[in-house]
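Count residues from 1 along the sequence.
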Amino acid sequence: MSKFWSSMAKRTEPYVPGEQLDKANILKLNTNENPYPPAPAVSKAITKEMERTIQLYPPPAADDLRQSIAAMYNLAPDNVFVGNGSDEVLAFSFMAFFEPGRTIRFPEITYSFYPVYAKLFHIPFREMPLNEDFTLCPADFFGAEGGVIFPNPNAPTGIYLSLDQVQEIVENNPDQVVIIDEAYIDFAPESAVSLVRKYDNLLVVQTMSKSRSLAGLRVGFALGDPTLIEGLTRVKDSFNSYTLDRLALAGAKASIKDQAYFEQTTANIIRTRSWVSKQMEQQGFHVLPSQANFIFVRHEHIAAKTLYEQLKAANVLIRHFNKQPITDWLRITIGTDEDMEVFFEKLHKLLNEEN
Ligand SMILES: *Cc1c(COP(=O)(O)O)cnc(C)c1O
């Protein structure tokens with residue numbers, strides 16, 4: 001604490017991201033990064049941009065990239081907002097659509113950045129408890145005073161809410177914005193993007209960090225009614241004209257062009273996820289049905305924290321949340337088949353030592 005800090009700097013409780021260890025030989029299964037490299041065209045596009053135009057400011061409205069994203073989803077460019085990672089898009093959304101003094105709702109177990117934004121922007125919130133099996137009860141989110149936000153699939157559980165149920169939540173909050181954070185949707189059945197033209201209160205937020213292997217490039221986007229997009233643009237232009245640099249714009253655009261590569265790497269992860277889930281069950285873990293690129297598991301009798309620490313000592317990083325009611329659970333990112341074979345080798349060793 002310093003006397004020079006504003007009340008904003010004082011009240012904020014910053015988000016703590018997963019560890020990024022700069023150590024060789026670490027198997028990193030803790031922050032849901034993609035184990036595959038981005039599409040080959042990405043680095044070519046970035047190099048070309050670097051050589052030709054990097055001395056120039058980027059286009060502030062990012063029209064080219066917005067056009068590519070719109071075309072991918074059969075929307076118009078004025079349905080698309082882009083930002084420096086979806087975390088930034090989410091922060092702008094809190095500022096643009098949620099009101100200090102009006103209570104928003106999100107699930108009790110969810111992405112831990114939401115309460116951080118809410119506190120920073122003075123937005124009161126209600127954390128809605130989940131069912132015993134970690135599913136979300138749609139009716140709990142009807143008629144929210146200040147708006148709704150949740151990830152689909154949810155994080156860190158990986159549990160997916162059907163499109164019908166998402167639609168019910170949107171329909172039952174006609175005067176408030178409902179934000180669906182679809183960071184993991186490409187590993188799941190169906191996006192709510194198909195509802196964007198129908199509902200002016202729906203904002204769908206996605207990222208290129210997970211399914212497109214571009215976490216380091218920082219590209220996220222929002223899809224919604226043009227009036228919502230305009231609200232986001234107003235906030236962004238009052239903050240930073242150039243949130244996306246030229247390299248990010250070029251790389252993101254190249255990634256979207258290579259649909260075949262995207263489909264193949266995504267299918268690989270889904271296939272590995274199903275194999276890993278079965279293996280974990282055979283090892284005595286309870287595994288939630290995941291539709292994301294991670295699984296959320298609990299061992300029958302070994303404490304999650306112990307297992308997390310033992311795996312870390314064996315150079316395998318997974319995620320443990322020291323927070324009720326999920327202290328017994330571990331989140332494990334799905335890597336390549338080879339990554340997961342190494343993971344199981346080390347896990348077997350630990351489990352055998354335990355017994
Ligand atoms: C990873 C993640 C994000 C942030 O992604 P970036 O685009 O890298 O900022 C947002 N929401 C959820 C639920 C996530 O898991």
Side-chain angles (χ1 to χ4, degrees), residues 5-17 58-63 65-66 69 77-107 110-128 141 144-152 155 169-170 173-183 192-193 196 199-209 218-245 248-249:
W5 290 1
S6 68
S7 55
M8 186 188 231
K10 281 179 188 156
R11 78 169 168 269
T12 190
E13 290 169 33
Y15 173 76
V16 185
D63 285 331
L65 178 58
R66 287 171 53 228
I69 294 170
D78 66 358
N79 291 119
V80 183
F81 177 82
V82 293
N84 193 263
S86 61
D87 285 338
E88 183 187 78
V89 175
L90 292 168
F92 288 163
S93 304
F94 270 63
M95 286 191 260
F97 309 123
F98 296 159
E99 191 73 9
R102 296 210 355 221
T103 306
I104 61 163
R105 293 184 200 173
F106 48 78
T110 197
Y111 189 37
S112 46
F113 228 135
Y114 305 154
V116 175
Y117 295 136
K119 283 172 195 162
L120 183 65
F121 303 132
H122 270 315
I123 295 152
F125 57 90
R126 256 178 85 186
E127 296 171 286
M128 311 310 287
F141 295 84
E145 187 196 7
V148 171
I149 180 166
F150 62 91
N152 197 31
I169 294 175
V170 175
N173 286 284
D175 299 320
Q176 305 302 335
V177 173
V178 175
I179 302 174
I180 317 292
D181 179 355
E182 292 191 336
V193 165
V196 157
Y199 298 101
D200 63 0
N201 63 326
L202 168 65
L203 190 76
V204 175
V205 176
Q206 294 191 0
T207 176
M208 305 193 92
S209 296
R218 312 306 302 131
V219 182
F221 53 94
L223 306 157
D225 187 83
T227 56
L228 295 185
I229 300 309
E230 194 188 340
L232 285 170
T233 307
R234 286 172 66 88
V235 168
K236 177 222 142 205
D237 286 338
S238 308
F239 180 82
N240 178 359
S241 309
Y242 311 107
T243 51
L244 283 178
D245 63 61
L249 291 169

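Taking CD from Glu88 and CG from Leu244, the interatomic distance works out to 7.0 Å, rounded to the nearest 0.5 Å. To the nearest 0.5 Å, the span separating CZ on Phe106 from CD on Glu127 amounts to 5.0 Å. Here the CD1 atom belonging to Ile104 is positioned 10.5 Å from the CZ atom belonging to Phe141, to the nearest 0.5 angstrom.
The shortest distance between side-chain heavy atoms of Phe150 and Ile169 falls below 4.5 Å. Contact check for Thr243 versus Phe92: side-chain heavy atoms found under the 4.5 Å cut-off. At least one side-chain heavy atom of Val219 sits under 4.5 Å from a side-chain heavy atom of Leu65. The shortest side-chain heavy-atom distance between Met208 and Phe221 falls under the 4.5 Å cut-off. Using a 4.5 Å heavy-atom threshold, the side chains of Leu202 and Ile180 count as touching. The shortest distance between side-chain heavy atoms of Ile229 and Asp78 does not fall below 4.5 Å. Using a 4.5 Å cut-off on side-chain heavy atoms (C-beta onward), Phe81 and Ser93 make no contact. Contact of the Leu228 side chain with the Leu232 side chain is not registered, since no non-hydrogen atoms from C-beta on lie closer than 4.5 Å.
The neighbour count for Glu230 CD, taken as heavy atoms of other residues, nucleotides or ligands under 6.0 Å away, does not exceed 12. Environment of CZ in Arg11: crowded, with over 12 heavy atoms of neighbouring residues, nucleotides or ligands closer than 6.0 Å. Within 6.0 Å of the CZ atom in Phe239, the count of heavy atoms belonging to other residues, nucleotides or ligands does not exceed 12.
In this structure, a donor-acceptor pair under 3.5 Å is present between the side chains of Asp87 and Tyr111.
Under the 3.5 Å distance criterion, the side-chain polar atoms of Glu182 are left unmatched by any main-chain donor or acceptor of Val204. Judged purely by atom type and a 3.5 angstrom limit, Gln176 has no side-chain atom pairing as donor or acceptor with the backbone of Val148. Thr12 contributes no side-chain N or O that, together with a main-chain N or O of Met8, makes up a donor-acceptor pair within less than 3.5 Å. No donor-acceptor pair closer than 3.5 Å links the side chain of Ser86 to the backbone N or O of Val89. Side-chain atoms of Glu145 come within 3.5 Å of backbone N or O of Thr103 as a donor-acceptor pair. The backbone N or O of Arg105 sits nowhere less than 3.5 Å from a side-chain atom of Arg126 that would complete a donor-acceptor pair. Side-chain atoms of Asn173 come within 3.5 Å of backbone N or O of Ala144 as a donor-acceptor pair.
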Steps toward side chain to side chain contact (heavy atoms under 4.5 Å, CB included) verdict (Tyr117, Tyr15): CA-CA 9 Å; Tyr117 295 136; Tyr15 173 76; over 6 Å; no
Side chain to side chain contact (heavy atoms under 4.5 Å, CB included) evaluation trace for Gln206 with Ile69: CA-CA 11 Å; Gln206 294 191 0; Ile69 294 170; over 6 Å; no
If you apply the rule side chain to side chain contact (heavy atoms under 4.5 Å, CB included), what do you find for Tyr114 with Asp181, and how did you get there? CA-CA 11 Å; Tyr114 305 154; Asp181 179 355; 2.7 Å; yes
Going through the checks in order, is the side chain to side chain contact (heavy atoms under 4.5 Å, CB included) test met by Ile149 and Val205? CA-CA 10 Å; Ile149 180 166; Val205 176; over 6 Å; no
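The minimum heavy-atom distance linking Val116 with Glu13 is given by the pair CG2-O, 3.4 Å. For the residue pair Leu249 and Pro59, the shortest heavy atom distance occurs at CD1-CD, 3.9 Å. Between Pro100 and Pro124, the shortest heavy-atom distance links the atoms C-CD, 4.4 Å.
Ring centers of Phe125 and Phe98: at least 6.0 Å apart, outside the cut-off.
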